[in-house]
Amino acid sequence: MRISYNWLQRYINVNDSVENLAQKLTSVGLEVESVDYLGKKFEGFVVAEVIDVQKHPNADRLRMCKVNVGSKDGPLQIVCGAPNVEIGQKVIVGLIGAIVPHNQHDPTGKPFTLIKATIRGVDSFGMICSAKELGISEDSSGIKVLDPNAKVGTALADYLGVNDVAFELGITPNRPDCLCHIGVARDVAAIYKKKYSFPQYKLTENKKTSITKIATVKIENVIDCPRYTARVIQNVTVKESPDWLKQLLMTAGLRPINNIVDATNFVMLEYGQPLHAFDYENLAKHTIVVKNASAGEQFTTLDGKTHQLKGTELMICDGKKPVAIAGVMGGLNSEISENTKTVLLEAAYFSPTSVRKTAKRLGINSDASYRFERGIDPNITAEASARAASLIAEITGGEVVQGIIDLYPKKIVPKKITLKRSRVNSILGSDISSKEIKNILSSLEIKSAPRKEKNSFVCVVPTSRPDIEQEIDLIEEVARIYGYDNIENKTSSEVMFSKPDKDEVRINSIRQWCVANGLNEVLTNSLIDRSTAKMFSENLVTVKNPLSVDLEILRPSLLATMLQTIAYNYNHGATRLHVFEIGREFSISTEKGTYLKGYIEKNVLGICLSGDANQLSWSEKQRNLDLFDIKGLILSLLKSIGLDNSDFIYYNAPSSLTEMTIGVEINNTYVGFIGRCKPELAKSFKIEKEVFYAELNLDQIVKFDTVKKFKEFSKYPTVIRDVAFVVSKTISVGEIEKVIRSVGGEEITSVTLFDLFEGKSLGEGNKSVAYSISINSAEKTLTDGKIESIIKSIVNAVVTKFNANLRSI
Amino acid sequence: MLEKKISDLQAEVEKLLPTISSMDDLEKFRIEFLSRSGKLASLYEELKTVPNDQKPLFGQKINGVKKTLEAQFEMIRSAINATATKQKNEIDISLPGRMRPKGTHHPITQTMEEMKEIFVSMGFGIEYGPEIEDDYHNFEALNFAPNHPARDMQDTFFIKDDVVLRTHTTPVQIRVMKSRPLPVRVIMPGRVYRNEAVSARANYFFHQVDGLYVDKHVSFADLKGTLVTFAKNFYGSDIKYRFRPSYFPFTEPSLEMDITCFLCKGKGCRICKQSGWLEVLGAGMVHPNVLRNCGHDPEKVSGYAFGMGADRISILRYGIDDIRIFFDNDIRFLNQF
């Protein structure tokens with residue numbers, strides 16, 4: 001909402017600087033988003049009189065002029081090249097230092113600053129300007145000659161009437177009363193403890209004709225149209241509006257159209273009451289009927305667009321047809337034209353809900369609908385209508401027909417709300433006196449009368465404030481005007497102990513661990529396209545109104561969006577991508593759902609490793625990543641958060657996304673998987689390199705208990721023995737380890753695979769595995785004999801069970 | 001005679017000493033002068049031939065020469081030793097250390113973690129909620145009347161007519177107030193969605209941290225104090241701030257908090273749109289309708305709520321021009337944090 005400072009002064013004498021006013025408006029909730037000083041570009045330009053014109057001694061086309069700029073220092077000498085300069089003219093002079101908005105001699109017209117110049121040997125102290133140079137019209141044929149009555153020395157901005165300041169206010173949806181100048185004046189009055197006044201105007205009615213004789217109005221839907229008024233103005237001449245009116249409208253951000261439309265817009269920006277002017281002659285039977293549209297009906301609005309109506313829309317109709325969508329936009333068929341002679345002026349109150357529904361459905365957002373849907377004052381209607389009629393008569397030369405048709409079957413009365421001082425102060429944490437509360441409310445035109453109960457009032461809220469519905473809204477009004485800054489910043493309160501719950505702590509430590517171990521955290525989009533999503537799941541959650549088809553589906557897997565990230569980085573020259581994300585995966589379900597029935601939201605850790613295994617280094621060989629990089633990463637991660645007994649299980653069932661997939665279980669609960677992305681999948685993201693992926697379900701991970709207990713370790717020495725076997729490649733090292741542990745019994749404290757190779761010397765299909773076995777007893781030092789017998793039984797068991805050959809002990 | 005021999009020896013030694021640079025040279029020197037058959041020993045031999053009355057004098061002189069010689073010998077020996085050790089241990093210390101790869105937090109999580117930390121230290125717990133939310137929690141219970149223009153403030157993605165992608169983390173307030181006994185004091189971080197065209201300044205999803213405190217006697221003054229404490233911890237104790245009345249359907253009275261622009265220090269710049277102020281959060285007292293919707297009596301309990309956007313704040317903190325760079329996840333970007 002743009003508010004003109006000059007316009008505002010019509011209702012209240014602010015008498016404060018623009019900066020202070022802006023700051024105060026902001027402090028009561030009318031946020032000043034920007035201040036536009038409209039006169040600024042004309043600074044340094046004044047009205048002057050040409051008092052002498054002489055030929056330039058050294059140039060035929062130039063003249064030496066003397067101009068009176070109203071300065072005590074006397075006239076200025078200015079060299080001028082314009083053909084039309086003459087003694088006695090009132091002209092516009094740019095003084096030294098002024099910035100000329102448009103340079104006529106520069107092809108780009110770039111502004112320039114005036115300096116004292118010597119032109120062919122003659123000094124020149126300024127410039128007599130053309131209209132084009134000032135950017136006020138396209139005329140560049142000569143200097144701009146002003147009205148002979150123009151006063152010498154007047155600042156150009158004042159002369160042009162543009163010495164105004166426009167405030168861009170961010171008006172919140174609860175303050176429709178401030179969508180007009182009087183409304184803002186009301187808050188300004190409350191801020192400065194001053195009075196504001198309504199505009200003074202005189203409405204002269206033509207007593208010869210009564211409106212009831214020449215027009216009729218009928219409301220069929222009083223729910224959506226509680227009030228409708230009409231006035232008629234005859235013998236109007238439609239033409240351009242006077243300058244003052246055009247100027248104020250432009251300052252407020254509206255384009256002038258013609259005097260009638262401009263007058264209705266002016267009154268809307270004055271009182272907040274949208275008005276509509278119909279060409280009376282185009283209204284069949286000179287009748288207005290307010291009723292719902294017929295379903296399937298078509299209607300063309302002022303902007304030339306045709307709308308298909310459903311029947312729920314409230315329409316303004318004449319004796320035959322609809323002529324406007326109530327409170328939204330007028331129709332092309334009854335628009336004011338140059339030939340309009342008689343105007344029917346509508347001022348009405350339409351229900352906010354009805355206007356909003358219609359405007360939203362039809363996709364129209366007009367100045368009128370904007371105000372109606374937020375709620376205008378239903379009791380300002382007749383006043384605004386009279387004001388507009390008087391203004392139209394004044395600027396069109398028309399005559400206002402006597403009387404007003406005002407259908408208002410059920411008057412909307414001011415609300416009465418009880419307010420207690422104790423409530424004000426307990427909510428605000430303040431100590432505001434009853435008297436001050438009363439004064440603040442009264443400055444906002446909220447009358448308050450004491451109730452029997454002490455320090456308690458009945459407040460009567462003007463109908464211009466539909467947002468004030470209950471006590472808390474009055475408390476806000478008190479706080480707003482009292483000043484948020486005047487309420488204490490209380491920093492002591494009852495102590496409340498809290499600690500982040502263990503889920504939060506665990507997820508944080510997972511994130512910290514990932515970062516500490518060289519992974520970059522990413523945050524990827526949660527919406528993707530359907531065909532990508534389908535590669536990951538069938539149970540997709542679809543957005544009904546997506547921004548684009550690329551952003552239609554909530555990601556079913558972090559892998560989907562992480563692969564997009566991998567592809568992006570490869571395209572931008574990366575060679576080593578070790579990344580993780582903690583985020584949500586979404587799917588539909590026939591079951592209960594995580595929060596909402598039918599929707600699963602899973603918190604997941606995703607890790608992608610791709611490209612170089614390690615960073616290029618002088619001391620370490622470059623190598624390719626393999627599955628055991630990511631397997632090791634996940635195991636270490638689980639250990640780091642205190643989960644020790646994780647058990648890896650190979651998956652037999654091939655996954656559609658990954659190969660070599662390993663499922664991860666903790667205490668027999670499935671918590672995630674590890675694998676290599678199938679090359680087809682990677683390729684569909686245009687990734688040529690291998691991508692290893694692991695995913696852990698954090699909702700499960702956080703559930704495991706990780707209470708740590710001290711376990712006594714042995715006081716006796718540990719013996720370490722190495723054994724190596726040749727076995728078939730088909731036998732897994734895990735199986736062998738299991739056998740070693742079970743045969744060795746509790747004296748085996750660790751079994752570590754330290755060598756693994758294949759070679760021709762071992763025979764086709766064989767491999768060599770070497771284990772380092774730690775043997776120790778909690779009770780005694782083991783004798784050599786005992787150790788030998790343990791090793792022997794291990795060797796025997798492995799040899800027998802796996803058909804292995806002992807390579808060395 | 002002997003006197004001359006002594007001074008000759010001294011002169012010879014003086015000349016030789018600076019030329020000794022290795023253990024071999026030193027050994028030769030030792031044999032020549034200090035060994036049993038060396039030149040010093042021969043001086044002692046000669047001493048025997050000197051008249052008895054002069055013996056003490058020459059004896060002292062030769063002893064003096066011997067002492068000096070031995071001391072010089074030791075000095076040179078340790079110098080040669082030190083050089084040898086040094087050469088043996090010499091390494092190129094400019095060789096790079098064996099680096100651990102650097103991991104990074106995403107700048108937005110970093111911002112959110114810092115916010116959480118401050119609020120947790122002020123006695124707030126942490127709660128999460130669904131990103132797929134129903135109309136009731138996202139709007140209705142939060143006092144957004146159907147067909148109210150306030151709904152336009154939050155362009156919404158719909159899954160079904162009454163199921164949306166949450167437009168703010170505020171609906172978690174409803175879930176917390178309904179499921180927990182009072183008092184509640186929690187923050188609610190998470191991802192939210194708005195159906196807005198993507199641009200340098202706006203993305204269709206972003207991250208919020210909401211806060212809620214409901215108890216007996218919670219006041220606007222408590223809210224202000226909490227926010228100022230947070231802002232001073234998060235933005236720095238020297239910041240200036242202001243509170244402006246504002247509007248949110250779920251709070252009344254409502255406020256927005258601005259802090260002095262940390263780029264221009266309040267002078268006015270591109271980032272703060274010449275105003276010198278940056279809006280950093282919205283807040284207010286929980287609206288009585290919201291309390292009632294959650295089964296609480298607004299005459300008996302009160303509360304405050306606040307919310308802030310982590311993406312916007314991250315943009316300002318790190319001097320980023322285009323919000324989209326957060327979600328490109330370019331490794332060159334991530335490695336800067």
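Residue numbers start from 1 in every chain, and the chains themselves are labelled A, B, ... in the order their sequence lines are given, proteins ahead of strands.
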Spacing of [X] atom [atom1] and [Y] atom [atom2] [to the nearest 0.5 Å]:
X: B:L223; Y: A:I487; atom1: CG; atom2: CD1; value: 10.0 Å
X: A:N525; Y: B:R324; atom1: CG; atom2: CZ; value: 12.0 Å
X: A:S426; Y: B:E299; atom1: OG; atom2: CD; value: 8.5 Å
X: A:E620; Y: B:M99; atom1: CD; atom2: CE; value: 13.0 Å
X: A:E488; Y: B:D222; atom1: CD; atom2: CG; value: 8.5 Å

If you look at every heavy atom in [X] and [Y], which pair is closest and at what distance?
X: A:E601; Y: B:P130; answer: OE2-CB, 3.3 Å
X: A:L527; Y: B:Y204; answer: CD1-CE1, 3.3 Å
X: A:N569; Y: B:D330; answer: OD1-CA, 3.4 Å
X: A:T524; Y: B:F205; answer: O-CZ, 4.1 Å
X: B:T109; Y: A:E521; answer: OG1-OE1, 2.5 Å
X: A:G429; Y: B:A221; answer: O-CB, 3.8 Å

[X], part contacting chain B, at a heavy-atom distance under 4.5 Å:
X: A:Y484; result: both
X: A:Y370; result: neither
X: A:L428; result: both
X: A:T26; result: both
X: A:V543; result: both
X: A:L30; result: neither
X: A:Q615; result: side chain
X: A:Q470; result: side chain
X: A:D473; result: both
X: A:S617; result: neither
X: A:R423; result: side chain
X: A:V32; result: neither
X: A:I582; result: neither
X: A:P546; result: backbone

Could you tell me whether the side chains of [X] and [Y] share a donor-acceptor contact shorter than 3.5 Å?
X: A:S526; Y: B:R191; result: yes
X: A:E581; Y: B:N329; result: no
X: B:E131; Y: A:Y595; result: no
X: B:R98; Y: A:S619; result: yes
X: A:N520; Y: B:N335; result: yes
X: A:N489; Y: B:Y241; result: yes
X: A:Q512; Y: B:H105; result: yes

Option that, when pairs with chain B are counted at under 4.5 Å, heavy atom only, ranks first among [options]:
options: A:R511, A:R480, A:E373; value: A:R511
options: A:L547, A:T353, A:N174, A:L523; value: A:L523
options: A:D485, A:T491, A:N545; value: A:N545
options: A:N508, A:N517, A:N603; value: A:N508

Residue from B:R100, B:H287, B:H207 scoring the most non-hydrogen pairs under 4.5 Å with chain A is B:H287
Among B:G225, B:P298, B:A145, the residue with the most heavy-atom pairs under 4.5 Å to chain A is B:G225
Note, [X] side chain near [Y] side chain (heavy atom, < 4.5 Å):
X: B:V163; Y: A:L596; result: yes
X: A:E31; Y: B:P245; result: no
X: B:S302; Y: A:I427; result: yes
X: B:L165; Y: A:L554; result: yes
X: A:T172; Y: B:F248; result: no

What part of [X] is in contact with chain A, defined as an atom under 4.5 angstrom from a non-hydrogen atom: side chain, backbone, both or neither?
X: B:S121; answer: neither
X: B:N203; answer: neither
X: B:V186; answer: neither
X: B:F326; answer: backbone

Kindly check if the number of other-residue, nucleotide or ligand heavy atoms within 6.0 Å of [atom1] ([X]) is above 12?
X: B:K240; atom1: NZ; value: no
X: B:K178; atom1: NZ; value: yes
X: A:K357; atom1: NZ; value: no
X: B:K160; atom1: NZ; value: no
X: A:K360; atom1: NZ; value: no

Check whether B:K224 reaches the backbone of A:K490 with its side chain - one donor and one acceptor, N or O, closer than 3.5 Å. no
Checklist line | Side-chain (A:W618) to main-chain (B:P96) donor-acceptor, under 3.5 angstrom | finding: yes
Evaluate the side chain to side chain contact (heavy atoms under 4.5 Å, CB included) criterion for residues B:I159 and A:V541: first the C-alpha distance (whole Å), next the side-chain angles of each, then the deciding distance (0.1 Å), finally the verdict. CA-CA 7 Å; B:I159 303 293; A:V541 185; 3.8 Å; yes
Starting from the C-alpha separation in whole Å, work towards a yes-or-no answer on side chain to side chain contact (heavy atoms under 4.5 Å, CB included) for A:V579 and B:H106. CA-CA 11 Å; A:V579 297; B:H106 194 281; over 6 Å; no
(request) Kindly indicate, with the supporting measurements, whether the criterion side chain to side chain contact (heavy atoms under 4.5 Å, CB included) is fulfilled by A:V522 and B:F327. (result) CA-CA 8 Å; A:V522 297; B:F327 309 107; over 6 Å; no
Test log, rule side chain to side chain contact (heavy atoms under 4.5 Å, CB included), inputs B:M285 and A:E476 = CA-CA 10 Å; B:M285 300 302 292; A:E476 184 190 42; over 6 Å; no
